[in-house]
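Take a look at the structure set out below.
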Protein chains: 2
Amino acid sequence: MSPSPVIEDTLKTIYHLQQEAGPPVGTSAIADRLDKAQATVTSTLDRLEDQELITREPYQGCELTDKGRTVAVEVLRHHRLLETYLADHLDYPWEQVHEEADRLEHHISEEFERRLAETLENPRRDPHGDPIPGEDLEPPNQDPMTPLSACEVGDRVVITRVSDRNEDDLAYLADVGITPGTAVHIVDVAPFGMITLDVDGTEQAIPEEVATSIRVTSLNDVDDSVSVDHRGDA
Amino acid sequence: MSPSPVIEDTLKTIYHLQQEAGPPVGTSAIADRLDKAQATVTSTLDRLEDQELITREPYQGCELTDKGRTVAVEVLRHHRLLETYLADHLDYPWEQVHEEADRLEHHISEEFERRLAETLENPRRDPHGDPIPGEDLEPPNQDPMTPLSACEVGDRVVITRVSDRNEDDLAYLADVGITPGTAVHIVDVAPFGMITLDVDGTEQAIPEEVATSIRVTSLNDVDDSVSVDHRGDA
DNA sequence: GTATTAAATTAGGGTAGGCTAAATTATGAC
DNA sequence: GTCATAATTTAGCCTACCCTAATTTAATAC
Ligand SMILES: [Mn+2]
Ligand SMILES: [Mn+2]
Ligand SMILES: [Mn+2]
Ligand SMILES: [Mn+2]
C-alpha cells in the first residue's frame, strides 16, 4: 500500500526536525508541528515502526530509516515541484502556493510528477528558494544559510530562502520586494532586533522574528546555486 | 466539513446512474460501479442520508437531493476541467487523463478550480467530448446522442463523445483517429455488429461493444455545441 | 538519593470506511 | 396465494485516525 497522507506528513515532519536538531526526534515536537495530540502521534509512530519507516527507542524519540527518508524526500519533491508549478504556470500568488501544495503533494501520481518536472525544465529551487530534490530522491544539500537576523549594519547580501510557513508574512515580504534573488543592504539594526534594509532604494523595517526566517548569502562570496533575480517581480 | 472522497464518489455515481436510468438508484448498482461490497454502500448511504445529500426509501433505492446533486456536479466540474488541463497543458495522453483526474478531483481547492478554468478559457467540453458544468453548477444539458452502434451504412456523422471508462479502448481509438470532432462515414455494418468506418480515407473496423460507447451527431443537422476538429490529432 | 516535572505511553472511547455472513424484504413465476 | 430468488439491510468484526485522562518513565534540581 502506498502511504496515507497522515503517514507522509509525519515522515516529512520528522525529516524537517532531524535537519533542524538531529535525531532522535521527540513525540511532542512532532505533535506540535502537526497540531495533533501527543497520544495520536504515539500511535502513528507505532504504525511507522511496523512499516520500518522509523526506528524508535521507547521514551527517547525516533529516527527515519533509509526507507522512511526516501518517502519523506519524495513528498518534499512533490511539494516543491507543485509550488513552483502553481506560481509559474497557474499564476498563484507567492503566499498561497504552500497550502495548495501541502494537500496535493499526497495525491499526484509519479506520472504527474514527471510531467511537472519536464514542463518546468527540472527546476532546482521552489518559489521560496528551497532546493527541490532530484528524481534520485537524494536529500538535497543543506547549503550554508545565514539568517538575516545575524547580519550587521553595512552588509550587502542576497536573499536566498524565505520560510514558507506564514502566509501573512510572505504576502508582506512579497509586497515590499523581499523574495529569493533580491540583493539588499542592511541599513540599521536596532537594539530590540528591528532590522532596516535597503531594498532597491527603499528602506524597509523588519521585526527580528521575521528576519530569523529569512536566509541570505553575502554578496562577497556569491553562491552560484542561487541566481540573483531568478524571479523578478513583486 | 467538506465531503470526503468516499462521499463524493458515491454522489457522483448516483448522479450518473440517475441520468442513465432515473431514480430510484439501487444499492447494488452503486456497489458494482464503485467496486465495493453492498453492505459497505448501505452504510455509506446511511451517512449520505444523515447529511441530507440523498433521500431514501428502505429496500427501494435512493435519489439525490438538490444539495447532493450540487456536490456531484461540482466534482464532475473538477474532473472534466482537470482532464482538459492534463491533456492540453501537461501533454497527457488521452487515455491517461481519466485516472489522474478521478483522484485529484477530490483534492483541489476552489481557487485551483478557478485558475484551471481561467487558464483554459472556460472550456465547454472535456477531451472525451463530455460537457463541463459551469461555475453555477447547473447540471449540464444532456445533448441528443446517437450511439455509433445505431448508425446505418452510408451515414456521415461527427464523433461527439467517447466514453472515458476503458483505457485500452481509448488508446486504440486515439491511435486510429476516432476522437471527438472527427467526421466519419459508415462503410459497412456486419450482421454480428462489427462496424466499418471511413476515417480520413482509412477504413477502421470497430466491435459493436465499443461502438455503443461512442456517440455521434449526423452531419445533416450539425449541432453547434460540438465543433468539428476541436482537437485535431492522433 | 529524593522530589519535581516534563515527556511519553497506555487506557478507553469515538467516527469513517472497509469486509463477510446472516437475516430480511420485495418481486416475479407459477 | 405460495415460493424461489434477488436485493437489501443487519450483525459483527476489522483498521486507521482522532481525542482526553490517567499512568509511567526520564531527567533535573536540590
Ligand atoms: Mn513522486
Ligand atoms: Mn516552499
Ligand atoms: Mn473522465
Ligand atoms: Mn469547485
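All chains are named by letter (A, B, ...) in the order of the sequence lines, taking the proteins before the strands, and each is independently numbered beginning at 1. This one's a predicted model, so the numbers in the text were calculated from it and none came from an experiment.
Rounded to whole Å, atom C1' of C/dA8 lies 11 Å from atom CG of A/D46. Remark: C1' of C/dA16 and NE2 of B/H106 are 16 Å apart, rounded to the nearest angstrom. D/dT15 atom P lies 15 Å from atom CD1 of A/I7, rounded to whole Å. In this structure, B/D50 places its CG atom 15 Å from C1' of C/dG17, rounding to the nearest Å. Regarding A/E8, its CD atom lies at a distance of 16 Å from the C1' atom of D/dC17, rounded to whole Å. In this structure, A/I54 places its CD1 atom 13 Å from C1' of C/dA8, rounding to the nearest Å.
The list of salt bridge (charged side-chain N to carboxylate O under 4.0 Å, His left out) pairs with a residue in residues 129-138 of chain B, not counting sequence neighbours, reads B/D130-B/R161. For the salt bridge (charged side-chain N to carboxylate O under 4.0 Å, His left out) condition, the pairs that include at least one residue of residues 40-53 of chain A, sequence neighbours left out, are A/D46-A/R56, A/E49-A/R56. Screening residues 26-43 of chain B for side-chain hydrogen bond (donor to acceptor under 3.5 Å, both in side chains), with sequence neighbours left out, gives B/E20-B/R33.
With salt bridges taken as basic N to acidic carboxylate O contacts below 4.0 Å, one links A/E105 and A/K12. A salt bridge is defined here as a Lys NZ or Arg NE, NH1 or NH2 lying under 4.0 Å from an Asp or Glu carboxylate O, and B/E111 with B/R115 meets this definition.
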Which pairs, protein N/O on one side and nucleotides 22-26 of chain D N/O on the other, fall under 3.5 Å?
residue	atom	partner	partner atom	Å
D/dA26	O3'	A/Q60	NE2	3.4

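Of the residues A/N166, A/I159, A/D168, A/V210, the one that meets the side-chain contact (heavy atoms from CB on, under 4.5 Å) test with A/L173 is A/V210.
At the phosphate of D/dT9, neither OP1 nor OP2 sits under 4.0 Å from any side-chain N or O atom of B/S43. Within the 4.0 Å cut-off from OP1 or OP2 of C/dA16, not a single side-chain nitrogen or oxygen of B/R47 is found.
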After noting the C-alpha distance and the side-chain angles of A/L11 and A/I54, does the key distance pass the side chain to side chain contact (heavy atoms under 4.5 Å, CB included) rule? CA-CA 8 Å; A/L11 291 172; A/I54 59 169; 4.3 Å; yes

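With rounding to the nearest 0.5 angstrom, the CZ atom of B/R80 is 8.0 Å from the CD1 atom of B/I132.
Applying the ring pair (Phe, Tyr, Trp, His ring centres under 6.0 Å) test to B/H98 and every residue at least two apart in sequence or in another chain returns B/H79.
Residue order along DNA chain D, read from the 5' end via each residue's closest nucleotide, puts B/E57 first among A/T44 and B/E57.
DNA chain C is contacted by A/G26, A/T27, A/S28, A/Q38, A/A39 of residues 15-41 of chain A, taking any non-hydrogen atom closer than 4.0 Å.
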